[in-house]
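So that the names make sense, note that chain A is the first sequence line, chain B the second, and so on, each numbered from 1.
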Number of protein chains: 2
Amino acid sequence: MIPHLSNDDLLGGCEAVRPILVRIGDKWSVLIVMALREGPRRFNQIRRDIGSISQRMLTLTLRGMERDGLISRKVYPTTPPRVEYALTELGHSLRGPVEALGAWAIANEAEIVSAQTRYDAENA
Amino acid sequence: MIPHLSNDDLLGGCEAVRPILVRIGDKWSVLIVMALREGPRRFNQIRRDIGSISQRMLTLTLRGMERDGLISRKVYPTTPPRVEYALTELGHSLRGPVEALGAWAIANEAEIVSAQTRYDAENA
DNA sequence: CGGAATCCATATTGATACTG
DNA sequence: CAGTATCAATATGGATTCCG
């Protein structure tokens with residue numbers, strides 16, 4: 001055991017992080033945050049921005065982020081229907097930490113790849 | 001499309017983040033990073049630290065993080081065998097961004113939960 | 001002690017077709 | 001345009017057993 005860190009501390013200090021990482025660490029959320037960072041966008045605009053996402057996953061991911069209060073959804077009852085998605089304040093506040101982690105990822109991507117290559121070579 | 005942001009920019013600036021988020025955003029990696037933050041620990045020590053992780057997932061997660069160069073694995077050929085895991089420098093450098101995101105998560109957890117509750121109530 | 005191997009349940013994702 | 005419904009493929013995670 002780590003003497004100065006109880007399991008409750010781990011739960012309180014770290015386990016709370018996991019659901020967040022799971023949400024924003026999924027396959028699409030970060031890309032959606034980035035697609036919306038300049039302002040509201042429509043469903044198929046976002047879909048084209050990302051390019052490879054399926055309709056189903058875009059719907060599911062948007063719903064999840066809306067449920068978490070990260071994005072808002074506004075429907076204009078026109079024909080054809082128009083739906084705009086936008087980051088909430090909470091969603092915008094997430095950009096800082098995410099981009100910090102992104103900076104780390106970019107800064108260390110080469111080292112990670114070379115570590116993977118080395119590992120794969122040694123365990124041929 | 002976002003005029004000032006090509007798909008290549010998205011790939012270069014954001015998509016590089018995703019594999020990292022996928023790795024550390026999985027169910028266990030963050031807890032392992034925190035368990036190792038004070039120094040090297042043995043397999044079953046980490047397992048007891050986390051408490052709920054299965055042997056299989058601890059092995060798999062440690063392997064993945066080792067492959068990414070985040071942790072090191074040192075075997076002492078004694079009987080019984082002794083294996084120590086430790087954060088590499090790269091692993092330690094990840095603590096900052098992860099803890100920043102953790103701070104965001106803790107700071108905004110209540111707001112997220114209330115957003116979820118509100119959403120679930122409105123979509124009864 | 002520190003795994004590897006196997007089996008099984010569930011979750012996630014994608015492809016396709018259909019709708020108001 | 002912005003979804004919903006359904007099915008199939010894959011990924012993920014847990015339980016159990018066995019081993020040097």
Side-chain angles (χ1 to χ4, degrees), chain A residues 1 15 18-32 35-36 40-68 71-86 116 119-120 122-124, chain B residues 1-2 15 18-32 35-36 40-68 71-86 116 119 122-124:
Chain A
M1 290 289 286
E15 193 119 342
R18 250 203 356 200
I20 312 295
L21 289 177
V22 167
R23 157 126 325 281
I24 67 157
D26 70 9
K27 209 169 175 180
W28 308 112
S29 294
V30 168
L31 294 176
I32 292 177
L36 295 179
R41 288 184 77 70
R42 299 174 61 178
F43 186 89
N44 279 331
Q45 284 179 326
I46 301 172
R47 193 176 174 191
R48 280 189 297 273
D49 291 341
I50 297 180
S52 59
I53 192 171
S54 71
Q55 199 178 41
R56 180 172 179 269
M57 287 318 300
L58 182 54
T59 298
L60 288 181
T61 308
L62 287 170
R63 287 286 181 280
M65 295 173 74
E66 188 193 357
R67 179 170 182 265
D68 290 345
I71 62 176
S72 62
R73 178 176 183 268
K74 186 166 185 177
V75 181
Y76 298 87
T78 61
T79 56
R82 175 192 184 86
V83 182
E84 276 191 354
Y85 294 90
Q116 291 172 342
Y119 183 92
D120 293 343
E122 290 170 358
N123 302 71
Chain B
M1 289 289 287
I2 308 176
E15 194 120 340
R18 251 204 354 205
I20 312 295
L21 289 177
V22 166
R23 156 123 330 279
I24 67 157
D26 70 9
K27 210 170 175 180
W28 308 112
S29 293
V30 169
L31 294 177
I32 292 177
L36 294 179
R41 289 184 76 69
R42 299 175 62 179
F43 186 88
N44 280 332
Q45 283 180 327
I46 302 172
R47 193 175 176 191
R48 279 189 296 273
D49 289 342
I50 297 180
S52 59
I53 191 172
S54 70
Q55 197 178 44
R56 178 172 178 269
M57 289 316 300
L58 183 53
T59 298
L60 289 180
T61 308
L62 287 171
R63 286 286 180 281
M65 296 174 72
E66 187 193 358
R67 178 170 183 265
D68 290 345
I71 61 176
S72 62
R73 179 176 183 268
K74 186 165 186 178
V75 181
Y76 298 87
T78 60
T79 56
R82 175 192 183 88
V83 181
E84 275 191 355
Y85 295 90
Q116 291 173 342
Y119 183 92
E122 290 170 358
N123 301 70

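- With rounding to whole Å, A:Asp26 atom CG is found 13 Å from C:dA11 atom C1'.
- The distance from atom CG of A:Leu58 to atom C1' of C:dA15 is 16 Å, rounded to the nearest whole Å.
- When all heavy atoms of A:Ile71 and A:Leu36 are compared, the closest pair comes out as CG2-CD1, 3.9 Å.
- The B:Pro80 side chain lies nearest to C:dC1 when the options are D:dG3, C:dT13, C:dC1.
- A donor-acceptor pair under 3.5 Å links the side-chain atoms of A:Arg18 to the main chain of B:Lys27, judged by distance alone.
- The heavy-atom pair separating A:Leu21 from B:Ile24 by the smallest distance is CD1-O, 3.7 Å.
- Distance A:Arg23 CZ to C:dT12 C1': 13 Å, rounded to the nearest Å.
- Rounding to whole angstrom units, CD1 of residue A:Ile46 and P of D:dC1 are separated by 14 Å.
- Annotation: the span from A:Trp28 atom CH2 to A:Thr61 atom OG1 amounts to 8.0 Å, rounded to 0.5 Å.
- Counting to the nearest Å, the C1' atom of C:dG3 and the CZ atom of B:Arg47 are 11 Å from each other.
- Contacts of B:Arg73 with the nucleic acid, taken as non-hydrogen atoms under 4.0 Å apart, involve only primed sugar atoms and P, OP1 or OP2.
- Where A:Glu84 and B:Trp28 meet DNA chain D, the nucleotide closest to each residue was compared, and A:Glu84 sits on the side nearer the 5' end.
- At whole-Å resolution of the value, CG in A:Leu60 and C1' in C:dT12 are 10 Å apart.
- We find that CD1 of A:Ile71 is positioned 14 Å from P of D:dA2, with the value rounded to whole Å.
- For C:dC1, the OP1/OP2 oxygens have no side-chain nitrogen or oxygen of B:Arg42 closer than 4.0 Å.
- Under the side chain to side chain donor-acceptor pair (under 3.5 Å) test applied with A:Tyr85, the options A:Lys74, A:Arg73, A:Arg41 reduce to a single match, A:Arg73.
- Comparing C:dG2, C:dG14, D:dG14 against the side chain of A:Met57 picks out C:dG14 as the nearest.
- Checking the phosphate oxygens (OP1, OP2) of D:dC1, no side-chain nitrogen or oxygen of A:Tyr85 falls inside 4.0 Å.
- For B:Val83, counting side-chain heavy atoms from C-beta on, the closest listed nucleotide (D:dG3, C:dC1, C:dG3) is C:dG3.
- The base of C:dA4 sits with one of its N or O atoms less than 3.5 Å from a complementary donor or acceptor on the side chain of B:Gln55.
- Contacts of A:Arg63 with the nucleic acid, taken as non-hydrogen atoms under 4.0 Å apart, involve only primed sugar atoms and P, OP1 or OP2.
- At whole-Å resolution of the value, CG in B:Leu62 and C1' in D:dG13 are 15 Å apart.
- The shortest distance between the side-chain N/O atoms of B:Lys27 and the OP1/OP2 oxygens of D:dG14 is below 4.0 Å.
- A sub-4.0 Å separation between OP1 or OP2 of D:dC1 and a side-chain N or O of A:Arg41 is absent.
- Taking the side chain of A:Arg56 as heavy atoms from C-beta on, and the options D:dG14, C:dT13, D:dC1, the nearest nucleotide is C:dT13.
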